[in-house]
Protein chains: 2
Amino acid sequence: MKSDSAVPPIDPPSLAERIRLEMDSFTPTEKRAAHMLLSHYPFAGLDTVAEFASRAGISAPSVLRFVTRLGFGGFPEFQRHLREELEAQLLSPLAKSSPSDRSHGAPALASFAESVIGNLRATVENIAPAEFEAVVELLSDQRRPVHFTGGRFTGALARYAESHLRIVRSHVDYIEGQPALWRDRMIEIGRKDVIVAFDIRRYQEDVTALCETAARQGATVVLLTDPWLSPIARVARHVLPAHIVAPSNWDSSAGLLLITEALVAAVTKRLWETAKPRMEAVERLRNEKP
Amino acid sequence: MKSDSAVPPIDPPSLAERIRLEMDSFTPTEKRAAHMLLSHYPFAGLDTVAEFASRAGISAPSVLRFVTRLGFGGFPEFQRHLREELEAQLLSPLAKSSPSDRSHGAPALASFAESVIGNLRATVENIAPAEFEAVVELLSDQRRPVHFTGGRFTGALARYAESHLRIVRSHVDYIEGQPALWRDRMIEIGRKDVIVAFDIRRYQEDVTALCETAARQGATVVLLTDPWLSPIARVARHVLPAHIVAPSNWDSSAGLLLITEALVAAVTKRLWETAKPRMEAVERLRNEKP
DNA sequence: GAAAAGCTGTACCAAAAATTTCAGCCAAGA
DNA sequence: TCTTGGCTGAAATTTTTGGTACAGCTTTTC
């Protein structure tokens, strides 16, 4: 769950713009500073005061007076502003696109979808191939029991993963997050076991406790989380982070689902020799029921 | 004009790329630093060491060791590299997100993701805005109890929807698909009730039966399904189809999740006046627990 | 199961950065 | 020409930051 209501919708006037407007009211050295900054905006401002001063051919104090004049409390504050402006500008192509550009499709749905797609792309970018492969390898080892778990929202994803993987291979189950429900199961968890935990912000203490306990007993922990990393990361062997920010009061789990499905697909492929007969057998059993 | 041989063809091996490749050779805390940096690349690295360390949840010395390990002489040198890389990238808009750049990330993951993204786009295209809006309207009516249900795989999505919506409003629950579990609950289902069913191919008879029974008693049925439409569509008031084909032995539910999250977001927004205090109350209750 | 190797954080120190002080300088006005 | 007001930069000062040594702990190895 994220914080409350609206986000600032208006584009704040860029600092560069303001500088151009106030240019004539500057003193000569201030103008040199301003031109220097504008000519390599905003990178010229990201160095140190001394560097900035020397490039502009003026003294450090003059640079300080310049940024003070612009209304900043000091040079670090000025730099922070530049960074934030730059970051916002760089990320905007995703966020800004299509508030109302597609005429069909529900507008709310369409813009939400664009945002989610951005998350998926970012998620893929930030996952190390080796990490992903290692997890596939781990889940493909049929001698190692696999246990899925998750928090109040992400628990559903853990269930989703479990419901697929349990058909592909054996020794797959789902563990409820509440300590009362897993405490006694822990005696069975050991070095061979693999815990796959889903946990995103508003990290849940009980899930963390479960993983810590399991890790202490030698289990291998795999964590699917957000970019800020659940505390479980401390005990996790492998971490797969997904971007989750969406134009909603809630976080989006689409990235986690993507990773989950990709993992399941990869494991299924790797275990195909044994998975195929298994899946056929499951199908047969289901049809026998009536 | 000649061919493109004159253009600098070499992709400067971005630092991010190097980090992804070496990821598995990192120590646990180094991995946290790496993930932190990659998730907000490169802005996360432009702050001070202390800031970086605290955001990554590690100590300052670990950050220093991390950048040393990457081959930099010190933190300032590391920052300078980031700035230069950023500047270079920003000055050549074409270099941004080139196709060759996309190819890294886990290959299996990347191609899977592209496929899923295609599904999401197609899903949005094929949903009638009016239908989506009507469902939002329906779920926002607090006088109407809402029941979620789904099949063996999609049940997890129904649970996911339920876990969110139950915080936004009251009278929300989840019904298990097995007839034995819902038969007796059916006497309570009537004209005011709303059933939201998730069902994709290999359509499940029990879920269909549940919806038919509910519909017969006057309930309004909303169906999230695949483009081939579950038989439930015959009794459903509203149908929201999602594309599900993925390069896997399994279908992808990402489109269904997208619709689900968009619905939850829209309903939360519409009910914000009453949802906000509710969400705060839930949060308070959770924190009281210890 | 004990010893060794390696990893991580606390506490501390050194370095460098930002900021302030102050004296000189230049231009405008008497 | 002298004075005044405000810029400007060298140097001193203060604050912040990056870097290091060391001790505790975990993991690995024999």
Side-chain angles (χ1 to χ4, degrees), chain A residues 22-37 44-83 134 190-195 211-221 229 231-239, chain B residues 22-37 44-83:
Chain A
E22 298 181 31
M23 185 63 87
D24 344 324
S25 71
F26 290 156
T27 70
T29 45
E30 280 171 348
K31 276 185 189 166
R32 300 187 72 171
H35 281 128
M36 165 63 191
L37 177 58
L46 264 43
D47 268 298
T48 67
V49 172
E51 183 73 14
F52 187 101
S54 117
R55 287 201 199 182
I58 61 180
S59 73
S62 296
V63 175
L64 270 300
R65 282 188 282 266
F66 174 62
V67 303
T68 304
R69 200 175 196 304
L70 291 174
F72 297 100
F75 199 75
E77 189 180 319
F78 165 71
Q79 285 193 320
R80 192 146 27 83
H81 178 92
L82 287 181
R83 278 203 304 266
R191 301 200 178 284
K192 293 181 60 179
D193 292 77
V194 177
I195 310 282
C211 292
E212 284 173 348
T213 305
R216 214 172 304 124
Q217 306 204 13
T220 301
V221 176
L229 303 191
I232 296 173
R234 303 180 61 89
V235 299
R237 181 81 56 99
H238 302 289
V239 178
Chain B
E22 297 180 28
M23 181 67 83
D24 43 340
S25 70
F26 290 157
T27 71
T29 44
E30 282 171 346
K31 276 184 190 165
R32 300 189 75 174
H35 279 128
M36 165 63 194
L37 177 58
L46 264 41
D47 268 299
T48 66
V49 171
E51 183 73 14
F52 187 102
S54 116
R55 288 202 199 183
I58 62 180
S59 71
S62 296
V63 175
L64 271 300
R65 283 188 283 261
F66 174 63
V67 303
T68 304
R69 200 180 196 302
L70 291 175
F72 296 100
F75 199 75
E77 188 180 320
F78 165 71
Q79 286 194 320
R80 193 146 24 84
H81 178 93
L82 286 182
R83 277 202 305 268

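Chain identifiers are assigned alphabetically (A, B, ...) following the order of the sequence lines, protein sequences preceding nucleic acid strands; residue numbering begins at 1 within each chain.
Distance A:E51 CD to C:dA16 P: 14 Å, rounded to the nearest Å. Rounding to whole angstrom units, CZ of residue B:F66 and C1' of D:dT20 are separated by 20 Å. D:dG9 atom P lies 11 Å from atom CD of A:E30, rounded to whole Å. Spacing between atom CD of B:E77 and atom C1' of D:dG19 amounts to 14 Å, rounded to whole angstrom units. Distance, A:F75 CZ to C:dA16 C1': 14 Å, rounded to whole Å. The distance between atom CG of A:L64 and atom P of C:dC22, rounded to the nearest whole Å, is 17 Å. Rounded to a whole Å, the CD atom of A:Q79 is 6 Å from the P atom of C:dA18. In this structure, CZ of B:F52 is placed 12 Å from P of D:dG18, rounded to the nearest angstrom.
The two atoms that bring A:S25 and A:R69 nearest to each other are O-NH2, 2.9 Å, heavy atoms only. Summarising the geometry of B:D47 relative to A:R83, their closest heavy-atom pair is OD1-NH2, 2.7 Å, with the distance given to 0.1 Å. The two residues B:F52 and B:M36 make their nearest non-hydrogen contact at CZ-CG, 4.4 Å.
Using a 4.0 Å heavy-atom cutoff across all strands shown, B:A60 reaches no nucleic acid atom at all.
Between A:F26 and A:F66, the ring centre distance stays below 6.0 Å.
Of the residues near DNA chain D, B:T48 and A:R237, the one whose nearest nucleotide (by heavy atom distance) lies more toward the 5' end is B:T48.
Each of B:L37, B:T68, B:T29, B:I58 was evaluated against B:V63; a single residue qualifies, B:I58, per the side chain to side chain contact (heavy atoms under 4.5 Å, CB included) test.
Considering only the side chain of A:I58, D:dG9 comes nearest among C:dG9, D:dG9, D:dG18. Side-chain atoms of A:P76 lie closest to C:dA18 of the nucleotides C:dT8, C:dA18, D:dG18.
One finds a side-chain N or O of A:T27 lying less than 4.0 angstrom from the OP1 or OP2 phosphate oxygen of D:dT8. Phosphate contact (OP1/OP2 of C:dG9, side-chain N/O of B:S62, threshold under 4.0 Å): present. The phosphate of C:dT8 has OP1 or OP2 within less than 4.0 Å of a side-chain N or O from B:T29.
Below the 3.5 angstrom threshold, one finds no donor paired with an acceptor across the side chain of B:R65 and the base of D:dG19.
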